[in-house]
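One structure is given below, encoded as structure tokens.
Just so we're on the same page: letters track the sequence lines, and every chain starts at 1. Being a predicted model, the structure only gives us computed values, none of them experimental.
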Number of protein chains: 2
Amino acid sequence: MWRAYLRMQRAIEVALVRQLGETGISRTDFEVLVPLSEAKDRSLRVRDLASWTGWDRSRISHQLRRMEERGLITREDVADDARGTMVRLTDKGYEITVAAAPGQVETVRRVLVDLLDPAEIDQLTTIGERVATAAGYANLPYPDER
Amino acid sequence: MWRAYLRMQRAIEVALVRQLGETGISRTDFEVLVPLSEAKDRSLRVRDLASWTGWDRSRISHQLRRMEERGLITREDVADDARGTMVRLTDKGYEITVAAAPGQVETVRRVLVDLLDPAEIDQLTTIGERVATAAGYANLPYPDER
DNA sequence: GAGCTTTTGTTGACGCGTCAGCATCTTGGT
DNA sequence: ACCAAGATGCTGACGCGTCAACAAAAGCTC
């Protein structure tokens, strides 16, 4: 089972990366772009991006610096908290995101969901939630749900 | 299901890394050390290590350089093929490996296997193999099995 | 065997991720 | 008001992983 799990994991990861190949963004970029594209004003505080992605502040900061250099996002000060930084998606960043998103969803469907029958989808959901919960991973990586 | 899968994957990865924390080696090191520790003379060609791990030659080479600097392995020429390089586990490398291995196995058991009943283990195996196979990942990441 | 192709392994450059440390600001207790 | 404690974000250093390029040796074809 462990071997099967490892191969499945690698297969899915490779498929997702490959699909993103020609879009000009990486899987890591995508993790930041998606919450931004869905957020009000296409902008979020760095803090919220961190809890959304589950990354630490340092990683977020480095990632944002690189994305800012590429013109995907901008950074501005937060009005009511002088410590904070607002991250805003540029038009370019937004366009790239909406262009890339369907492909990622389609890939998950193609390499995973479509291969499973409804019972198996339930099984994988059950297993995944139990394993994550037992390890202390709450059901909610998203800010709104905390 | 997708969210559950992602959280499970992260939970397992974090648990494996954490368990390795005090052993002085990384999860990546471990992937190289295990096949070496099981191989005849505790040595393998770089080529075979590459197919075992599924990495490309460049990554293997960088990894081996760093592991050699830390005294975990040594490199020698291959007798019958002047292009090849034999990688040999040092005593230090072997001791670290056998010291760390049980903990990794135990972790997989604790965070995954022990949480599932026999039917679920079969389910995850079935799903994993189907997904990996459909994506073109043969059933065999190991040299002997190719 | 000359000449081309393939295999094998290494290297340098560069982006990524983690860690430790830092500066700044806010909050809570007194 | 003050001061310690916490929150927020950034940076530099360093190890890791990928990519392109390279060198050397086998293998293959004629």
- request: Please tell me which of A:S26 and B:T85 maps to the more 5' nucleotide of DNA chain C, matching each residue to the nucleotide holding its nearest heavy atom.
  value: B:T85

Could you tabulate the donor-acceptor pairs under 3.5 Å formed by side-chain atoms of residues 33-41 of chain B, not counting sequence neighbours?
from: B:S37; atom 1: OG; to: B:L33; atom 2: O; distance (Å): 3.4
from: B:S37; atom 1: OG; to: B:V34; atom 2: O; distance (Å): 2.7

message: Expressed as a whole number of angstroms, how long is the span from A:R57:CZ to C:dG21:C1'?
response: 12 Å

- line: Applying ring-ring contact (aromatic ring centres under 6.0 Å, His included) to B:Y5 and not counting sequence neighbours gives B:W2

What nitrogen or oxygen pairs link the protein and nucleotides 18-20 of chain C at under 3.5 Å?
from: C:dT18; atom 1: O4; to: A:H62; atom 2: NE2; distance (Å): 3.1
from: C:dC19; atom 1: N4; to: A:S58; atom 2: OG; distance (Å): 2.4

query: Any side-chain donor paired with an acceptor under 3.5 Å for A:S26 and A:D29?
result: yes

query: Does A:L72 offer a backbone N or O that forms a donor-acceptor pair with the side chain of A:T90 under 3.5 Å?
result: yes

- prompt: So do B:R27 and B:E31 actually touch side chain to side chain, heavy atoms under 4.5 Å?
  reply: no

message: Among residues at least two apart in sequence or on other chains, which ones pass side chain to side chain contact (heavy atoms under 4.5 Å, CB included) with A:A119?
response: A:D117, A:Q123

statement: Under a 4.0 Å heavy-atom criterion, DNA chain D is touched by chain B from D:dC16 to D:dA26

statement: Going by chain and number, the hydrophobic cluster around A:V17 (ILVMFWY, side chain to side chain under 4.5 Å) further includes none

message: Closer than 4.0 angstrom, basic N to acidic O: yes or no for B:R65 and B:E69?
response: yes

- request: Give me the bend of the helix from C:dG1-D:dC30 to C:dT30-D:dA1, using the axes of the five pairs at each end, rounded to 10°.
  value: 20°

query: Among the clusters formed by ILVMFWY side chains lying less than 4.5 Å apart, do B:V32 and B:V98 turn up in the same one?
result: yes

message: According to side chain to side chain contact (heavy atoms under 4.5 Å, CB included), who are the partners of B:A50, at least two apart in sequence or on a separate chain?
response: B:I60

query: For A:E68, which residues count as a side-chain hydrogen bond (donor to acceptor under 3.5 Å, both in side chains) partner, sequence neighbours excluded?
result: A:R75

field: Close approaches to DNA chain C from residues 66-81 of chain A, in residue order (heavy atom, under 4.0 Å)
entry: A:R66, A:D81

Please tabulate, for the side chains in residues 105-114 of chain A, all donor-acceptor contacts under 3.5 angstrom to protein atoms that are two or more places apart in sequence or on a different chain.
from: A:E106; atom 1: OE2; to: A:R110; atom 2: NE; distance (Å): 3.4
from: A:T107; atom 1: OG1; to: A:G103; atom 2: O; distance (Å): 2.7

message: Measuring to OP1 and OP2 of C:dT26, would you say a side-chain N or O of A:R83 lies under 4.0 angstrom away?
response: no

statement: Sorted by chain and residue number, the side-chain hydrogen bond (donor to acceptor under 3.5 Å, both in side chains) partners of A:Q19 (sequence neighbours excluded) come out as A:Q104

